[in-house]
Amino acid sequence: MNDLSCIVSNFFEKVNLQEFAQSALQPLPDDRLASRGIRAEVLRIDRLHPQISGNKWLKLKYNLMEAARQGKRRLLTFGGAYSNHLYATAAAGKLLGFETIGIVRGERVEPLNSTLRFAEEAGMQLHFVSRADYRQKHSSAFIEHLHALFGDFFLVPEGGSNVHAVPGCMELPGEWSAAYDYILLPCGTGGTLAGLALAAAAHQKLIGVSVLKGGAFLYEEVKRLQEAYAGHHTQNFEIWTDYAHRGYAKTTEALRLFMQDWQRQYPSVPIEHVYSAKMFYAFFAEVEKGYFPSGSRVLLIHTGGLRVEHE
Ligand SMILES: *Cc1c(COP(=O)(O)O)cnc(C)c1O
């Protein structure tokens, strides 16, 4: 192993995910659940790391190991202006000694928002591209153009979701999670769901709540990632596409009210409107509709997205 590989693996291996998970479960006492015979717990992987939060930690683990193995000290990745992935990648780069380049969708707007300001202050070089160019992010011509601009780099796709994202997510389920019948999580690119579904126990059903409008594409995306990593895909997951609340990072009056009630009822479980609120909203909506049979045990994964804002 080279020096960088040692640094990266020491950083990730010092966390025992199985032990962490057991210590990060929080019950969700709620009359709406008790009256229907449902038990639910929240898994706070948002607490995995203050900056490399939640599922981004899981997805970056083997991406960074692979970059280091290939001897690449420069990471290039993609995201929108509010991307948790850009934030986490910038933080990981600073902490572990990678140069980072962020290709950001849209124009640079001053002052930078807190996500981009944090990324830039962590040393990430921000490169803004038009929405039209951003859509070319998978084309080899565009990637060649980026190589001409930035030289050699290890490419991590948007959201960190690629074949290397899958094994990190597979490490989360274990004996501790065997008691759950349903596992819910918010879904953006499907990378996290792909790994969790591959590692789930046979009796478990995974449910990804799409936070994007038109989330039906996620079925194919999850299967594609599973096949890329494992050579097969699983049938144990569903995507809920009706809870995007007008689209990515958007909200509705109903979601706003839900969040207000939530903050009153569960002050110790902070949520935000892009990911976690949409998952919890979807969960309670489906409880009301009778989706979960009496006796169900449900695990809700709090994937992160909370920020300690920097002034
Ligand atoms: C990025 C992100 C997601 C989406 O994960 P995917 O693997 O892209 O589906 C979910 N929750 C939070 C908090 C995120 O930051």
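This structure is a prediction, so every number in the text was calculated from the model and none was measured. Both ligands and their constituent atoms are indexed starting at 1 by order of listing.
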Notebook entry, point to check: Ignoring hydrogens and geometry, is there a side-chain-to-backbone donor-acceptor pair from Glu221 to Gly191 under 3.5 Å?
Noted result: no
Notebook entry, point to check: If you count the atoms of ligand 1 from 1 in the order shown, which ones are under 4.0 Å from a heavy atom of Gly190?
Noted result: 6 (P), 8 (O), 9 (O)
Check: Side chain of Ser5, backbone of Met1: donor and acceptor closer than 3.5 Å?
Finding: no
Check: For ligand 1, is there an atom lying under 4.0 Å from some heavy atom of Pro186?
Finding: yes
Next item on the list: Answer side chain, backbone, both or neither: which part of His85 comes under 4.0 Å from ligand 1, heavy atoms only.
Entry: neither
Next item on the list: Considering only non-hydrogen protein atoms, determine which one is nearest to atom 14 (C) of ligand 1 and report residue, atom name and distance to 0.1 Å.
Entry: Lys56 NZ, 2.8 Å
Next item on the list: Output, in order, the C-alpha distance, side-chain angles, deciding distance and verdict of salt bridge (charged side-chain N to carboxylate O under 4.0 Å, His left out) for Glu120 and Arg117.
Entry: CA-CA 5 Å; Glu120 202 165 73; Arg117 191 156 29 115; over 6 Å; no
Check: Which of the atoms in ligand 1, numbered in the order shown and given with their element, are less than 4.0 Å from a heavy-atom of Asn84?
Finding: 13 (C), 14 (C), 15 (O)
Note to self: Between Tyr182 and Phe292 (judged by ring centroids, cut-off 6.0 Å), do the two rings come close enough to count as a pair?
What the structure shows: yes
Check: Which option out of Val222, Thr303, Asn55, Ile301 puts a heavy atom nearest to atom 3 (C) of ligand 1?
Finding: Asn55
Checklist line | Nearest protein heavy atom with distance in Å, relative to atom 8 (O) of ligand 1 | finding: Thr189 OG1, 2.6 Å
Check: What's the shortest distance from atom 10 (C) of ligand 1 to any protein heavy atom, and which residue and atom give it?
Finding: Tyr275 CD2, 3.2 Å
Margin query: Classify the ring geometry of Phe11 against Trp57: parallel below 30°, tilted from 30° to 60°, perpendicular beyond 60°.
Written below: tilted
Notebook entry, point to check: Just by modelled atom types, is the Pro50 backbone N or O under 3.5 Å from a matching donor or acceptor in the Ser53 side chain?
Noted result: no
Next item on the list: Pull out every atom of ligand 1 sitting under 4.0 Å from any heavy atom of Cys187, numbered as shown with elements.
Entry: 9 (O)
Check: Atoms of ligand 1 less than 4.0 Å from Gly304 heavy atoms?
Finding: 13 (C)
Checklist line | Output field: ring centroids His85/Phe78 closer than 6.0 Å | finding: no
Next item on the list: Please identify which atoms of ligand 1 are closer than 4.0 Å to at least one heavy atom of Gly305.
Entry: 13 (C)
Item checked: Numbered atoms and elements of ligand 1 in range of Lys59, under 4.0 angstrom, heavy atoms -> 5 (O), 6 (P), 7 (O), 8 (O)
Next item on the list: Just jot down the ligand 1 atoms closer than 4.0 angstrom to any heavy atom of Thr192, in number order.
Entry: 5 (O), 6 (P), 7 (O)
Margin query: Check this for me: Asn16, atom CG, are more than 12 non-hydrogen atoms of other residues, nucleotides or ligands nearer than 6.0 Å?
Written below: yes
Notebook entry, point to check: Do the side chain of Arg246 and the main chain of Thr251 share a donor and acceptor less than 3.5 angstrom apart?
Noted result: yes
